[in-house]
Amino acid sequence: QVQLVESGGGLVQAGGSLRLSCAASARTFNNYAMGWFRQAPGKEREFVAAISRSGGSSYYADSVKGRFTISRDNAKKMVYLQMNNLKPEDTAVYFCAAGEWGQESHDYPYWGQGTEVTVSQ
């Protein structure tokens, strides 16, 4: 069983930055690939970024590539999402997820409760 708790969301102006954090409770945290997803109001949840078990590989949705960076610290059981040059269209609830290497929701059986990010004009 894995419990995930996100933090770091908030209100930021367009062009600003935020760093999201996700704390995991799993005993074997480095057995899981980690992902970030987001869900904007009235829209379906979408993939944002994923990182491999070791942290050696990562990939991103085209919409965030070059602006967002996913990282992990296996010793601390933490995953991060550094978000730079934020745009109003990045406004969403952001979810941390643990599971297999992939970009589909069904690849990740464990989910946090989400943290809200609002980007103003």
Side-chain angles (χ1 to χ4, degrees):
Q1 190 71 12
V2 180
Q3 291 185 326
L4 303 170
V5 179
E6 302 94 336
S7 61
L11 174 65
V12 64
Q13 287 188 325
S17 297
L18 280 176
R19 188 196 195 201
L20 305 184
S21 299
C22 173
S25 66
R27 280 197 308 171
T28 54
F29 176 68
N30 58 357
N31 281 357
Y32 299 94
M34 299 297 296
W36 285 97
F37 289 75
R38 67 187 182 185
Q39 188 167 17
K43 295 187 177 181
E44 293 186 355
R45 186 164 54 190
E46 65 174 359
F47 170 78
V48 174
I51 191 165
S52 61
R53 293 167 177 79
S54 68
S57 298
S58 59
Y59 63 95
Y60 301 88
D62 288 343
S63 59
V64 307
K65 203 171 294 182
R67 300 188 297 122
F68 290 13
T69 303
I70 188 172
S71 61
R72 66 188 295 164
D73 184 332
N74 284 346
K76 294 182 178 178
K77 300 182 181 181
M78 296 290 295
V79 182
Y80 306 99
L81 187 68
Q82 178 67 43
M83 306 187 295
N84 297 329
N85 190 22
L86 282 159
K87 303 176 181 180
E89 52 263 44
D90 294 318
T91 294
V93 177
Y94 284 71
F95 298 90
C96 172
E100 298 298 322
W101 180 245
Q103 59 182 338
E104 303 294 335
S105 294
H106 61 71
D107 294 321
Y108 299 89
Y110 304 107
W111 293 80
Q113 83 290 346
T115 186
E116 189 168 3
V117 172
T118 303
V119 184
S120 64
Q121 294 280 4

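Residue numbers count from 1 along this sequence.
- By the side chain to side chain contact (heavy atoms under 4.5 Å, CB included) test, R19 is found to be paired with Y80, Q82, residues two or more places apart in sequence or in another chain being considered.
- Within a 6.0 Å radius of CD in Q113, more than 12 heavy atoms belonging to other residues, nucleotides or ligands are found.
- In this structure, the side chains of S17 and N84 come closer than 4.5 Å at one or more pairs of heavy atoms.
- E100 meets the side chain to side chain donor-acceptor pair (under 3.5 Å) test with R53; sequence neighbours excluded.
- Here the shortest heavy-atom pairing between F95 and R45 reads CD1-CD, 4.2 Å.
- Residues forming a salt bridge (Lys or Arg N to Asp or Glu O under 4.0 Å) with E104 (at least two apart in sequence, or on another chain): none.
- Of all the heavy atoms in S52 and G56, the pair that sits closest is OG-N, 3.2 Å.
- Smallest separation of non-hydrogen atoms from W101 and S57: CH2-O, 3.6 Å.
- Checking side-chain atoms of E6 against main-chain N and O of C96 turns up a donor-acceptor pair under 3.5 Å.
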Practice prompt. Starting from the C-alpha separation in whole Å, work towards a yes-or-no answer on salt bridge (Lys or Arg N to Asp or Glu O under 4.0 Å) for D90 and K87.
Written response: CA-CA 5 Å; D90 294 318; K87 303 176 181 180; over 6 Å; no
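- The minimum heavy-atom distance linking K43 with Q39 is given by the pair O-NE2, 3.1 Å.
- Residues A98 and P109 share a closest heavy-atom pair of O-CD, 3.2 Å.
- Residues G102 and A50 approach most closely at O-CB, 4.0 Å, considering heavy atoms.
- Within a 6.0 Å sphere centred on CD of E89, heavy atoms belonging to other residues, nucleotides or ligands number more than 12.
- Other members of the cluster containing M83 are V2, L4, V12, L18, L20, F29, Y32, M34, W36, V48, I51, Y60, V64, F68, I70, V79, L81, L86, Y94, Y110, V117, V119, with ILVMFWY side chains joined at under 4.5 Å, either directly or via other members.
- Remark: side-chain polar atoms of R72 are not paired, donor with acceptor, to backbone N or O of G55 under 3.5 angstrom.
- When the side chain to side chain donor-acceptor pair (under 3.5 Å) test is applied to E46, the partners found at least two apart in sequence or on another chain are R38.
- In this structure T69 satisfies the side chain to side chain donor-acceptor pair (under 3.5 Å) test with no other residue, sequence neighbours excluded.
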Discussion item. Walk me through whether Y108 and F47 qualify under ring pair (Phe, Tyr, Trp, His ring centres under 6.0 Å).
Written reply: CA-CA 11 Å; Y108 299 89; F47 170 78; 7.7 Å; no
